[in-house]
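Below: one structure, written as structure tokens.
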Amino acid sequence: MSVRVRMAPSPTGFLHIGNVRTALFNWLFARHEGGEFRLRIENTDTSREVAEATQQIQDSLRWLGLDWDGDVSFQLDRLADCADVARRLVEEGKAYEDEGAIRFRMPDEGVTAWEDAVRGRIEFPNEQLEDLVLVRSDGRPTYNFASPMEDVWDAITHVIRGEDHISNTPKQINLIRAVGAEPPSYAHVSHVLGADGKSLSKRHGSVTVDEFRHAGYYAPALMNFLVLLGWSYDDKTTIMSRDELIERFTLDRVVPSPATFDYEKLDWLNGVYLRALPAAAYADELVRFLREEGYGWDEALIRRAAPIVQEKIERFGQFPDFAGFLFRDVEPDPALLDGRGPVVAAAHDELERVDPFAAPEIEAALRGLAERLELSPRKAFEPIRIAVTGSKVSPGLFESIELLGKEETLRRLNAAVARSIA
RNA sequence: GGCCCAUUCGUCUAGUGGCCUAGGACACCGCCCUCUCACGGCGGCGGCACGGGUUCGAAUCCCGUAUGGGCCUCCA
């Protein structure tokens, strides 16, 4: 039988990164097995639904590259079916009315157990199981009724979800058996913890996919990072493409213990991905990012700047700070220029004569200048860098000056000389 | 409180009884490269939560303790 899994988020907020990782595991499992990955919105509770969230969930999954099969389904659409099942269970004596609600009778003795794909055998004493409310007194089915029923109707073969659902599982298994169906396989993955060691959730440390997008992370890198939170291929492989992940992902290599989200490592991994991008693709991604973030900067210049920042920044979000001097004027800190007026002035005179105004020629001129002034390149270039880029940290000086152009470079040099005196 | 889950370097992990004087990666520290910042190269620091068993032998199996997390909603 072909595999079918689902991601079933509630539309009560934006998709946070822990849920996204669960979605990723589902998706990888489905693609690895050649099965289906479905998206289902668990909107039993209309009052809390945030319409925007439904859209947001889909946008986030798509951005990350997680495509689902078939149409998105909504739990609300199966209200009538749930009511039918509940009625039948009452008729069969398996459920009963309780102050207007309908409760499912749990067995009193023995244990309910299952072989969890990531945790091994888990069993609950049945005496611990409370009779499950299927239908509220207002007639709406509860999540713990609707969700397993939908898994049955959708012929879900593997339920891969967060460990917070472990204690719901025995109830759902009993329910599913009561309606004459066979429970799916279960895999309960651990939570993702924030830097404070607490589970990431909507209420706590919530980080949405959107935030990563706006911070300039590259989706394939984020995917690679996320899968490593609780899964590994072997003892030394870190970088894996989407296709490699699909080929290699198996549930038996998912670890049961919770993982802490580490931004340092994400940043490093993102940098690895960005550096590995072909120049043209890097420029495309950079332009797209800046446009999305509302920067109206000249595209041709962005593309020319791309190669000089590619090795230097690990997130596109760092570009405005790092290379913004190419697109807007700078205001160097006079304190950094103190006493360096003469060097900057000399650089101005030197660069005025450079032709063609290209990096190699600029470099030769500036190095010659440093030599004549008997300054180390490091010493000589610092004030020039500050004058031209407004910062002590920048892309390569010579390339930066070339991109800025002769006229603007000379103007900034002059302005800096004036500042250093003031 | 009850039930359930988890516990290897600061972090992510490899490890399924001998290959482990525990391997890799990020971070950190040092050196090299160098126009700054990065990149890259080399080296270093650092861990099996604790206590009992089982076994010729335990990070690996069992029990207990501790710690962390989850659930105990007519929330999802």
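Within every chain, numbering begins at 1; the chains are lettered A, B, ... in the order of the sequence lines, protein sequences first and strands thereafter.
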Pairs involving residues 325-354 of chain A, ordered by first then second residue, that meet side chain to side chain donor-acceptor pair (under 3.5 Å) (sequence neighbours left out): A/Asp329-A/Arg411, A/Arg340-A/Glu382, A/His348-A/Asn414, A/Glu350-A/Arg353, A/Glu350-A/Arg372
Contact list for RNA chain B against residues 254-271 of chain A - heavy-atom distance below 4.0 Å: A/Val255, A/Pro256, A/Ser257, A/Pro258, A/Ala259, A/Thr260, A/Asp262, A/Glu264, A/Lys265, A/Trp268
Report which part of the nucleic acid A/Arg40 touches: base, sugar-phosphate, or nothing (heavy-atom distance under 4.0 Å, all strands). nothing
Would the A/Tyr295 and A/Phe316 ring centres measure less than 6.0 Å apart? no
Counting any heavy atom closer than 4.0 Å, what does A/His165 reach on the DNA or RNA strands: base, sugar-phosphate only, or nothing? base
Using whole Å, report how far CG of A/Asn168 lies from P of B/rA76. 11 Å
Among B/rU36, B/rC74, B/rA6, the one nearest any side-chain atom of A/Ser137 is B/rC74
B/rC12, B/rC35, B/rA38: which one has an atom nearest the side-chain heavy atoms of A/Lys312? B/rA38
Which residues satisfy the salt bridge (charged side-chain N to carboxylate O under 4.0 Å, His left out) test with A/Arg105, sequence neighbours excluded? none
Between B/rC35, B/rC74, B/rA76, which one does the side chain of A/Tyr143 approach most closely? B/rA76
Does the distance from a Lys or Arg side-chain N to an Asp or Glu carboxylate O, for A/Arg367 and A/Glu371, drop under 4.0 Å? no
Can you tell me the distance, in whole Å, between the CD atom of A/Glu399 and the C1' atom of B/rC39? 14 Å
Could you tell me whether A/Asp154 and A/Arg40 have a side-chain N and a carboxylate O separated by less than 4.0 Å? yes
Tell me whether the OP1 or OP2 atom of B/rA14 has a side-chain N or O from A/Ser232 closer than 4.0 Å. yes
